[in-house]
Amino acid sequence: EVIRAESMRVLAGNRWQGQLQATLVLGMLEHKPAADRLVELLDAPRTDVMIHAAWGLRKLAEPRTIPAILDKLRRHSTEQRTRTIPGVDDQVAHLLEFCGTMLVEEAKPLMTAYVPKDITRTMDNSRGAAIWALGHLQKGKLDEPLADALIARVLDDDTKPFESPLVKQMSAVTLARMKATKYGESLKRSLPMHAQASSLDLATRWAARELTGEDIPQPVPRRYPDGVWFLEPIVAPTRIQE
């Protein structure tokens, strides 16, 4: 209780270092009374504090913060598409994950707005989080227009600009969660597009197996070239023969 009380005192203060560290402590302790202050810190002037505040709210999962989080997401959805704001991509990602785990249906229009391709590549984390969250909202419930949009992301092979691997990965996962069996074969055919054993490749193999019921071959493990590492085994010196 002493730790909780002192962390709350520091969180209420004006020192950004204290706000950041207190958020980490109270978030890991899931101390729900911190939620109101964390909502205030979503508008903190420092990028790292506002990002950590969103992380803390996701950890606390406090229902009473839903209206404030939706308001923040609506404001960012407008601002982020007109200019790049430092830290917003990461903050929005945490807030969208909150809405996904809390099954906030009111957030679905905000989430779906992040599905189309972002030619500026400034919203990769928030787009990935939005699609991941949609998978929770739509678990076991097929939304055909959404499924069509997601498979288009997985199959996008344009190079200028190329689609985010994170967006493709989360699209494959969400297709599996919503039981979009129609696209199982398309996911299988997309495998040669991905780097073997990458996160995207593994997620696509899992999703294809979930939707088709077939055994999907394991990828060839990734190999890393030999080289000089900052930690190396100590090689015992050769014994000098007498």
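Keep in mind it's a predicted model, so treat the numbers as computed, not measured.
In this structure, Leu211 is not a member of the same hydrophobic cluster as Met193, with clusters built from ILVMFWY side-chain heavy atoms closer than 4.5 Å. Linking Ile, Leu, Val, Met, Phe, Trp and Tyr residues whenever their side-chain heavy atoms come within less than 4.5 Å leaves Val25 and Leu38 in two separate clusters. Using a 4.5 Å cut-off between side-chain heavy atoms of Ile, Leu, Val, Met, Phe, Trp and Tyr, with links allowed through other members, Leu150 and Leu191 fall into different hydrophobic clusters. Phe162 and Val115 fall into different hydrophobic clusters, where Ile, Leu, Val, Met, Phe, Trp and Tyr side chains are chained together by heavy-atom contacts under 4.5 Å. Clustering ILVMFWY residues whenever any of their side-chain heavy atoms sit less than 4.5 angstrom apart, transitively, puts Leu134 in a cluster other than the one holding Trp206.
Within the 4.5 Å cutoff, the side chain of Lys139 has no heavy atoms near those of the Met178 side chain. At least one side-chain heavy atom of Trp132 sits less than 4.5 Å from a side-chain heavy atom of Thr101. Between Phe98 and Leu60, the closest side-chain pair of non-hydrogen atoms is not below 4.5 Å. No side-chain heavy atom of Asp118 sits less than 4.5 Å from a side-chain heavy atom of Val167.
Considering every non-hydrogen atom in both Ala207 and Ala172, the closest pair reads CB-O, 3.3 Å. Summarising the geometry of Ala61 relative to Lys32, their closest heavy-atom pair is O-NZ, 3.7 Å, with the distance given to 0.1 Å. Closest approach of Lys188 to Ala208, counting heavy atoms only: CG-CB, 3.8 Å. Listed here is the closest heavy atom pair of Thr204 and Ser190: CG2-OG, 3.6 Å. Nearest heavy-atom pair across Gly140 and Lys179 is CA-CG, 4.1 Å. The shortest non-hydrogen separation linking Ser171 to Val154 is CB-CG2, 3.6 Å.
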Decide salt bridge (Lys or Arg N to Asp or Glu O under 4.0 Å) for Asp43 and Arg75; before the verdict, give the C-alpha distance in whole Å, the side-chain angles of both, and the deciding distance to 0.1 Å. CA-CA 11 Å; Asp43 292 313; Arg75 283 185 282 140; 3.7 Å; yes
Worked check of side chain to side chain contact (heavy atoms under 4.5 Å, CB included) between Leu103 and His136: CA-CA 7 Å; Leu103 302 180; His136 286 267; 4.3 Å; yes
So Glu105 and Lys108, salt bridge (Lys or Arg N to Asp or Glu O under 4.0 Å) or not? Walk me through it. CA-CA 6 Å; Glu105 290 287 345; Lys108 184 176 178 180; 5.9 Å; no
When you look at Arg189 and Ser186, which way does the side-chain hydrogen bond (donor to acceptor under 3.5 Å, both in side chains) test go after all the steps? CA-CA 5 Å; Arg189 289 195 298 272; Ser186 297; 3.3 Å; yes
Test Arg64 against Asp36 for side chain to side chain contact (heavy atoms under 4.5 Å, CB included), laying out the working first. CA-CA 9 Å; Arg64 74 173 186 274; Asp36 294 330; 3.2 Å; yes
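Within the model, atoms OG1 of Thr181 and CG of Leu142 stand 7.5 Å from one another, a figure rounded to the nearest 0.5 Å. The CG atom of Leu137 sits 8.5 Å away from the SG atom of Cys99 when rounded to the nearest 0.5 Å. Between Leu200 atom CG and Met170 atom CE the span is 9.0 Å, to the nearest 0.5 Å. Of the inter-residue distances, the one linking Glu6 atom CD with Met8 atom CE reads 11.5 Å to the nearest 0.5 angstrom. Summarising the geometry, atom CE belonging to Met102 is positioned 8.5 Å from atom CD1 belonging to Ile69; distances are rounded to the nearest 0.5 Å. To the nearest 0.5 Å, the span separating CD1 on Ile151 from CG on Leu155 amounts to 4.5 Å.
One N or O on the side chain of Ser126 and one on the backbone of Met123 form a donor-acceptor pair closer than 3.5 Å. Using modelled atom types, one side-chain atom of Ser198 and one backbone atom of Asp201 make a donor-acceptor pair closer than 3.5 Å. The backbone N or O of Gly27 lies less than 3.5 Å from no partner atom in the side chain of Lys59, so there is not a single donor-acceptor pair. Between the side chain of Ser7 and the backbone N or O of Arg4 there is no donor-acceptor pair closer than 3.5 Å. Put simply, the side chain of Lys117 gets close to the backbone of Pro161: a donor and an acceptor are under 3.5 Å apart. The closest donor-acceptor contact from the side chain of Thr23 to the backbone of Gly56 lies at 3.5 Å or more, if one exists at all. In this structure, the side chain of Arg153 does not engage the main chain of Glu163 through any donor-acceptor pair within 3.5 Å. Of the possible polar contacts, none joining the Lys168 side chain to the Ser164 backbone as a donor-acceptor pair under 3.5 Å is found. At least one donor-acceptor pair closer than 3.5 Å links the side chain of Asp156 to the backbone N or O of Asp158. Glu62 contributes no side-chain N or O that, together with a main-chain N or O of Thr65, makes up a donor-acceptor pair within less than 3.5 Å.
Between Glu214 and Arg209 there is no salt bridge, since no side-chain N of the basic residue sits under 4.0 Å from a carboxylate O of the acidic one. Between Asp89 and Arg127, no side-chain nitrogen of the basic residue sits less than 4.0 Å from a carboxylate oxygen of the acidic one, so the salt-bridge criterion is not met. One finds a salt bridge joining Asp124 and Arg121 here, because a Lys/Arg side-chain nitrogen approaches an Asp/Glu carboxylate oxygen to under 4.0 Å.
Within a 6.0 Å radius of CZ in Arg15, no more than 12 heavy atoms belonging to other residues, nucleotides or ligands are found. Around atom CG of Leu24, more than 12 heavy atoms belonging to other residues, nucleotides or ligands sit under 6.0 Å away.
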Extract all donor-acceptor atom pairs below 3.5 Å that involve side chains of residues 90-97 and protein atoms in other chains or at least two apart in sequence.
from, atom 1, to, atom 2, distance (Å)
Asp90, OD1, Asn125, ND2, 2.8
Gln91, OE1, His76, NE2, 2.8
Gln91, NE2, Leu42, O, 3.0
Gln91, NE2, Met50, O, 3.0
Glu97, OE1, Arg58, NE, 3.1

